[in-house]
Amino acid sequence: MVVDKYGCSAKKRESSKAGLVVVRCFLKSFVFGRLENLSGLHSSIVIPEKMARSGCNATVPGDDFSDRARTKEPLASYAAVHGLTQVSARPTLVMYLCNIWSRRHFVWQFASARNASMYTLSRLGQIWQVLTPLFNAGVYFLVFGFLLGARYSIPDYVPWLVCGVFVFSFTQRSITAGAKAIGANTGLIRALHFPRAVLPLAYTLVEFQHMIVAMGVLLVLLVGFGVFPTASWLLIIPLLSLQMIFNVGVSLIMARIGAFTRDITQLLPFALRTWLYASGVIFAVNLLVARSGTVRENPWIIDVLEVNPGYVYVELARQALIPDYANDHGDSHTSPPTPPSSMQEPGLLWVYAVVWAAVLLAAGFTWFYRAEDRYGRS
């Protein structure tokens with residue numbers, strides 16, 4: 001018997017090559033869902049010596065892949081005939097909602113883990129959740145409250161300012177995080193099959209956890225400045241719930257935009273800063289009537305600013321936490337101030353808050369859902 005330098009005979013080499021061909025045929029049949037064609041495979045394979053030597057072009061009777069290639073059958077028709085479905089196909093809306101609900105524990109754990117890992121490399125750790133908005137409020141007080149004298153126009157200006165910065169930062173950070181929710185998790189999206197909406201939802205939940213901590217600090221700060229608890233403080237619970245719903249809707253919209261247009265993350269800081277100035281976070285909106293000729297000539301500007309959702313949630317938080325703000329909204333350095341319509345009609349802002357939350361959640365979820373099967377492909 002003739003053997004080669006590795007001690008293998010020609011018969012063994014032929015058997016090995018035939019075995020490789022069998023494995024290849026098995027993989028073909030497995031991928032295309034026709035495992036039943038493997039029955040009697042050993043008896044039906046004919047491997048000429050030339051084919052065995054090259055290890056390719058072996059033909060298996062009933063090999064659907066080879067048959068489809070010869071007939072040039074479209075993939076869609078082939079999938080329909082054999083009952084194949086697209087793995088990443090978009091499910092029905094009801095099924096999509098059920099899938100999200102079934103992963104509610106994952107959403108909470110993902111948000112908690114991300115929250116814990118955000119400041120692991122910082123010496124102060126989670127304290128930055130509170131320090132960042134506090135520093136921002138300090139800068140605004142130095143420029144607008146101290147240098148420009150805004151503190152004389154509003155009673156309890158420091159609590160008023162910090163409250164506005166904290167509440168607006170909740171929405172601001174949710175939008176920024178939502179824009180990165182899909183792009184920052186492309187590997188996870190390609191590796192696992194799950195509803196993509198859980199990502200912006202989890203990112204918004206992270207910011208909600210930050211807001212809870214910041215709200216505790218805010219309440220302590222209010223007491224420190226002489227603003228003591230009243231029954232109206234309980235209104236902060238439904239208010240933050242509505243703001244959370246609003247933030248989820250906006251985050252879903254920004255998540256879809258950010259998934260396909262990464263440049264949006266570069267434009268967001270400018271847009272959000274402009275929105276902050278237009279939301280009455282640093283100054284009282286009604287004082288513009290006394291200080292701006294343009295606003296006096298165009299009173300509709302005040303109406304637009306008061307419908308602005310950023311103003312709505314900030315103003316509701318101030319009215320709930322600082323009772324004196326609603327009773328004394330004037331500027332001692334100007335003529336008798338005109339209170340905003342939200343002060344004249346206390347329930348108007350709550351109507352705006354509910355409408356904004358409902359509309360943005362419905363619109364954001366629907367728009368995000370329509371592109372479910374496209375995320376992670378670019």
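- Residue pairs that meet the ring-ring contact (aromatic ring centres under 6.0 Å, His included) test with at least one member in residues 268-296, sequence neighbours left out, are Phe168-Trp275.
- Listed by first and then second residue, the salt bridge (Lys or Arg N to Asp or Glu O under 4.0 Å) pairs that reach into residues 159-174 are Arg173-Glu207, sequence neighbours excluded.
- The side-chain hydrogen bond (donor to acceptor under 3.5 Å, both in side chains) contacts involving residues 353-368 comprise nothing, where partners must be two or more places apart or lie in separate chains.
- Legend: residues meeting ring-ring contact (aromatic ring centres under 6.0 Å, His included) with Tyr96, ordered by chain and number and at least two apart, are Phe365, Tyr369.
- Remark: Ser232 pairs with Thr230 by the side-chain hydrogen bond (donor to acceptor under 3.5 Å, both in side chains) rule, at least two apart or across chains.
- For residues 226-235, no pair satisfies salt bridge (Lys or Arg N to Asp or Glu O under 4.0 Å), with sequence neighbours left out.
- In this structure Gln243 satisfies the side-chain hydrogen bond (donor to acceptor under 3.5 Å, both in side chains) test together with Thr171, sequence neighbours excluded.
- Applying the ring-ring contact (aromatic ring centres under 6.0 Å, His included) rule to Phe106 yields the partners Phe110; only residues at least two apart in sequence or on another chain are considered.
- Residues passing the side-chain hydrogen bond (donor to acceptor under 3.5 Å, both in side chains) test with Thr132: none are found, sequence neighbours excluded.
- Every side chain to side chain contact (heavy atoms under 4.5 Å, CB included) that Val359 has, sequence neighbours left out, goes to Val355.
- Atom CD1 of Ile236 sits about 8.5 Å away from atom CG of Leu316, to the nearest 0.5 Å.
- With sequence neighbours left out, Tyr313 forms a ring-ring contact (aromatic ring centres under 6.0 Å, His included) with Phe246.
- Within the structure, the salt bridge (Lys or Arg N to Asp or Glu O under 4.0 Å) test picks out no pair touching residues 131-140 (sequence neighbours left out).
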